[in-house]
Trainee: 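Pasting in a structure now, in C-alpha cells, and then I'll have a few things to ask.
So you know, we letter chains A, B, ... as the sequences are listed, proteins then strands, and number each from 1. Computed from heavy atoms alone, side chains included, the values below leave out hydrogens, waters and symmetry copies.
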2 protein chains.
Amino acid sequence: MKRKITLKQIARELEVSISTVSKALRNSAEISEDTKQKVQAFAKLYNYRPNNIALSLKNRKTNTIGIIIPEIVHHFFSKVIRGVELVANKRGYNVIVGLSNESFSKEVINMEMLANGSIDGFILSISKETQQLQDYHHFNETMSQGMPIVMFDRVVSDMNCDKVIVDDLNGAKNAVEKLLRNGCKSIALITTKDYVSVGKLRTQGYLEALEKHQIQPKADLILKIDDTLDYETRLDALENEIKQLFKANNGIDGVFAVNELYALSAMKVARKLGLNIPEDVQVIGFTDGVLSKHSTPSLTTVSQHAQQMGEKAADLLINKLENNIETEEEYFQTVIIATELIERESTK
Amino acid sequence: MKRKITLKQIARELEVSISTVSKALRNSAEISEDTKQKVQAFAKLYNYRPNNIALSLKNRKTNTIGIIIPEIVHHFFSKVIRGVELVANKRGYNVIVGLSNESFSKEVINMEMLANGSIDGFILSISKETQQLQDYHHFNETMSQGMPIVMFDRVVSDMNCDKVIVDDLNGAKNAVEKLLRNGCKSIALITTKDYVSVGKLRTQGYLEALEKHQIQPKADLILKIDDTLDYETRLDALENEIKQLFKANNGIDGVFAVNELYALSAMKVARKLGLNIPEDVQVIGFTDGVLSKHSTPSLTTVSQHAQQMGEKAADLLINKLENNIETEEEYFQTVIIATELIERESTK
DNA sequence: TTTTAACACGAAAACGTTTTCGTGACATAT
DNA sequence: ATATGTCACGAAAACGTTTTCGTGTTAAAA
C-alpha cells in the first residue's frame, strides 16, 4: 500500500531539487536533456501524477463545477447532468453533484459546502421551496464572492446570471395549437400551481393558443394540481381529480398536461371512462421521458432537449470561468432552448 | 466582487498573527477571551469560511467520494446516487460523479482524473465493456495506492474490496417460483448475453426455480438479447425477437424478463398477438423503475432497493475511510441486499 | 587573461490552513 | 532577589505544486 509518489520523493531519490524535477517533467528548456530523461523515466516508472489538490490550491482553480438540482431520480434532471458531465469532461472539468431534494435549507447548505473552494462555479435549478419563499440570498452571496452561477429550467428571472431555459410558453402553445388543428374543440389543461415558474409559463402558452384561435378559455377546463403532495398519495389523488375534471366537463376531446405523469394519468382515466385515445380524446404531455415513449398508447409530447440544456449550461459556465478577461462590464446571457413536438400515438 | 476572506487578511487587519486567528476561531484555550471575541466577531462579520482546498491539502483528506457509473439516465443508477448522496452528506462528504457511458476507456480516464487527490475513495459499478474485456488493472492500481473502492451491483467477484450486491439469483428464483405457483406451465426467459454478470445470475435463478419444481428447461424458451445495440434500433429488434419467441413456442403462459424494458416489450408483443395479461400470460420484470409502476397493466417486478444499495455502499466506504485503525489485516465485506417482489397487475 | 554569455540548476515564495514549539512578559513562590 | 510558572501570542513547518530569481560553472569573445 504505497502512497502516491510526490515531486519531493523523486527529487530526493534522484538527488536533485524539487524545482528541477518539476521543470524536467514540464519539459522546461532550463533543464539539460540528460536530467530530463532521467527524471521523466523515473516518473513514468513510478507512475507520477501531480496532486490535484495542490494544483488547485496553487492555481486557485479547482477545475470542478458544482451542479445542484432538486431531485436526481428524474429523467429531465439526469439528462441535464449527462449533458453537463459530457462537456465538462471534454473541457477538463469534474462535476460534483448536490441534491436539494426540493428543500430550501438543503439547497443553502449544499451551496455553502461547495462554495468554500471546492468548485469554480455553479450550475443549478432552484428548488420548489426556494421558489415559494423567494429567498435568494444564497445566490447573491455566492455571486458577490466572484463565483459564477448558471441557472437552468427553474430560474429566477431577475437575477444577474447566465440562464438556460426551455421555451415553455411556445412549447405549450404549439402543442395546444396542434390539438386545435387536429380538430379538438374542448381542450383541458392539467397543470401545477402557479408558483412553479414553468407550470405558469406552460399555462400561459395554453391560454395564448386558445386566444389565437379565438376560443374563450373556460376555468372549469383548467386543473391546477398541488404537487407538493408526496408521490404515493399523489397518484390516487391525481387520478381522482382528473376524473372529476372529465365528469364536470362533457365532451373533453383534448388534454394538454404539463408533465408526463399528468398526461399518463389523464389517459388512464379517460380509458376507464370508456374513451378511446386518440379517437375520442387526444393527449399531449411535456418532457420527453421514458414514460412517454413506452406507454400504450405512446404519448405525443413536448421534448425539452434536456441533455442539450446541460451541455449549453456547462459551456456558458466554463466560458465565463476561462474568460478571465475581466471585461468589467459583466455580460449575462439567457439561452432559450427550443422545444420539439414529438408526435406519437396519443394524437391523430 | 470581493474574493473570499482568508486567515491572513484577518490577521493583517487585526494586527495579530495568522496562528492567533486560527486558534481564536477554533476556541483554543491558548488565546485570551478578549482576542477570541475580537477575532470571532470580525470573522463572522466578513463571513469567514476555511478554504476546503487548503484543508484537504493539509489533512490529505478531501472529504469527497467519487462515484463512477455506466449511465445516469437510468432509474436504478440515479437511485443509487441518491442513496450515496444522502449518507455522504449526512456524514460530511461531497459526491463527485463520473460517467463511464459503458466504455472501458472512459472508466479508466475518469478514475485517473479523480484518483490524483480529488477524492478519498470510489464507489462504482463497472461498465459492460470492462466486464467483457475483464481488464481490471485500473481498479488494482487504485487500490494499491491505498484508495478504497466499493463496488455495487456489477462487481468483479474475485477482487479484494467491499461490495454491495443484489441477490439476483434468489430474486429471479422467487419471481419464477411465483409464476409457477400461479399456474404457469411454460415460462419464457428474456435475458442478456452471459457476460453481463447480473443477467447471468438472474438466468441461473430462473433455471434453479424450474429445477426445484422438476421442470426441464427448454432452450427455445430462453431468449438472450444482445444489449450492446443502441437504444433506437434496439426497440424494434427487441420486439421482433420477442415475437419470434412467442411464435416459435406455442402456449407460453409466463414471462420472466431481466429488466423493465424487456418485460414491457413482452407485454406489448403479447397483446398484439391477442393474448391477455395476466389471464393468458403473466409477466414479471426486474428493477422497480418508473415504467413498471405506470405501465398498463402495471408490472409485477423484482425491486432491488437501489437507494438502499447506495446508502450501504456509502456507509461501507466512509467507515473504511474513517477507521484508520489500519488493522493491517484488511477486511472486506460483501453486503447482499435482499430483493422484494412487488406484485401488480401483470400477474394473477 | 579578463569579460561576457549561456547553461543548468537550486532556493524560496506562494496558495490557505493547522499545529508544534519557542519566547517574552508578568506574577508567584522561595 | 532569584527561581519557577503561567499566560498569550508568534514563528515556522508542513501538505504538493509552480515559478521567479539568483548563482556557480564553463565556454566563448575580447
Trainee: Side chains of A/Ser103 and A/Ser100: donor-acceptor distance under 3.5 Å anywhere?
Mentor: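 Checked: A/Ser103/A/Ser100 side chains show no N/O donor-acceptor pair below 3.5 Å.
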
Trainee: Applying a 4.0 Å non-hydrogen cut-off, can you work out what B/Lys8 is touching in the nucleic acid: base, sugar-phosphate, or nothing?
Mentor: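 Sugar-phosphate, backbone atoms only, no base.
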
Trainee: Do other residues, nucleotides or ligands put more than 12 heavy atoms under 6.0 Å from the OH atom of A/Tyr136?
Mentor: yes

Trainee: Report, one line per pair, each donor and acceptor closer than 3.5 Å where one atom sits in a side chain of residues 146-158 of chain B; sequence neighbours left out.
Mentor:
unit_1: B/Arg154; atom_1: NH1; unit_2: B/Glu102; atom_2: OE1; d: 3.0
unit_1: B/Arg154; atom_1: NH1; unit_2: B/Ile126; atom_2: O; d: 3.0
unit_1: B/Arg154; atom_1: NH2; unit_2: B/Glu102; atom_2: OE2; d: 3.0

Trainee: Counting only pairs under 3.5 Å, give me each side-chain donor-acceptor contact of residues 74-85 of chain B, with atom names and distances, residues two or more places apart or in other chains.
Mentor:
unit_1: B/His74; atom_1: ND1; unit_2: B/Phe76; atom_2: N; d: 3.3
unit_1: B/Ser78; atom_1: OG; unit_2: B/His74; atom_2: O; d: 3.0
unit_1: B/Ser78; atom_1: OG; unit_2: B/His75; atom_2: O; d: 3.3
unit_1: B/Arg82; atom_1: NH1; unit_2: B/Gln307; atom_2: OE1; d: 2.9
unit_1: B/Arg82; atom_1: NH2; unit_2: A/Glu71; atom_2: OE1; d: 3.2
unit_1: B/Arg82; atom_1: NH2; unit_2: A/Glu71; atom_2: OE2; d: 3.4
unit_1: B/Glu85; atom_1: OE2; unit_2: A/Leu99; atom_2: N; d: 3.2

Trainee: Within the 3.5 Å criterion, strictly below it, is a donor on A/His138 or A/Glu112 matched to an acceptor on the partner's side chain?
Mentor: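 Checked: A/His138/A/Glu112 side chains show no N/O donor-acceptor pair below 3.5 Å.
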
Trainee: In this structure, are over 12 heavy atoms from other groups packed under 6.0 Å from B/Lys312 atom NZ?
Mentor: no

Trainee: For the CZ atom on A/Phe332, are there more than 12 heavy atoms of other groups (residues, nucleotides or ligands in this structure) within a distance under 6.0 Å?
Mentor: yes

Trainee: Quickly, which of A/Asp162, A/Asp315, A/Asp120 forms a salt bridge (charged side-chain N to carboxylate O under 4.0 Å, His left out) with A/Lys320? Name it, please.
Mentor: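 For A/Lys320, the salt bridge (charged side-chain N to carboxylate O under 4.0 Å, His left out) test succeeds with only one of A/Asp162, A/Asp315, A/Asp120, which is A/Asp162.
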
Trainee: Can you pull out the residues from residues 11-22 of chain B that lie within a 4.0 Å heavy-atom distance of DNA chain C?
Mentor: B/Ile18, B/Ser19, B/Ser22

Trainee: Taking heavy atoms of chain A and a 4.0 Å limit, find me the 5'-most and 3'-most nucleotide of DNA chain D within that range.
Mentor: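 Nucleotide range in contact with chain A: D/dC15 to D/dC21.
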
Trainee: Under a 4.0 Å threshold between the charged nitrogen and the carboxylate oxygen, would B/Glu129 count as salt-bridged to B/Lys106?
Mentor: no

Trainee: For residues 9-17 of chain B, dump all side-chain donor-acceptor pairs below 3.5 Å to protein atoms at least two apart in sequence or in another chain.
Mentor:
unit_1: B/Ser17; atom_1: OG; unit_2: B/Ser19; atom_2: N; d: 3.4
unit_1: B/Ser17; atom_1: OG; unit_2: B/Thr20; atom_2: N; d: 3.1
unit_1: B/Ser17; atom_1: OG; unit_2: B/Thr20; atom_2: OG1; d: 3.0

Trainee: Using a cut-off of strictly less than 4.0 Å between a heavy atom of the residue and any atom of DNA chain C, enumerate the qualifying residues of residues 32-59 of chain B by number.
Mentor: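 When residues 32-59 of chain B is checked for heavy atoms under 4.0 Å from DNA chain C, the hits, listed by number, are B/Tyr48, B/Arg49, B/Pro50, B/Asn51, B/Ala54, B/Leu55, B/Lys58.
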
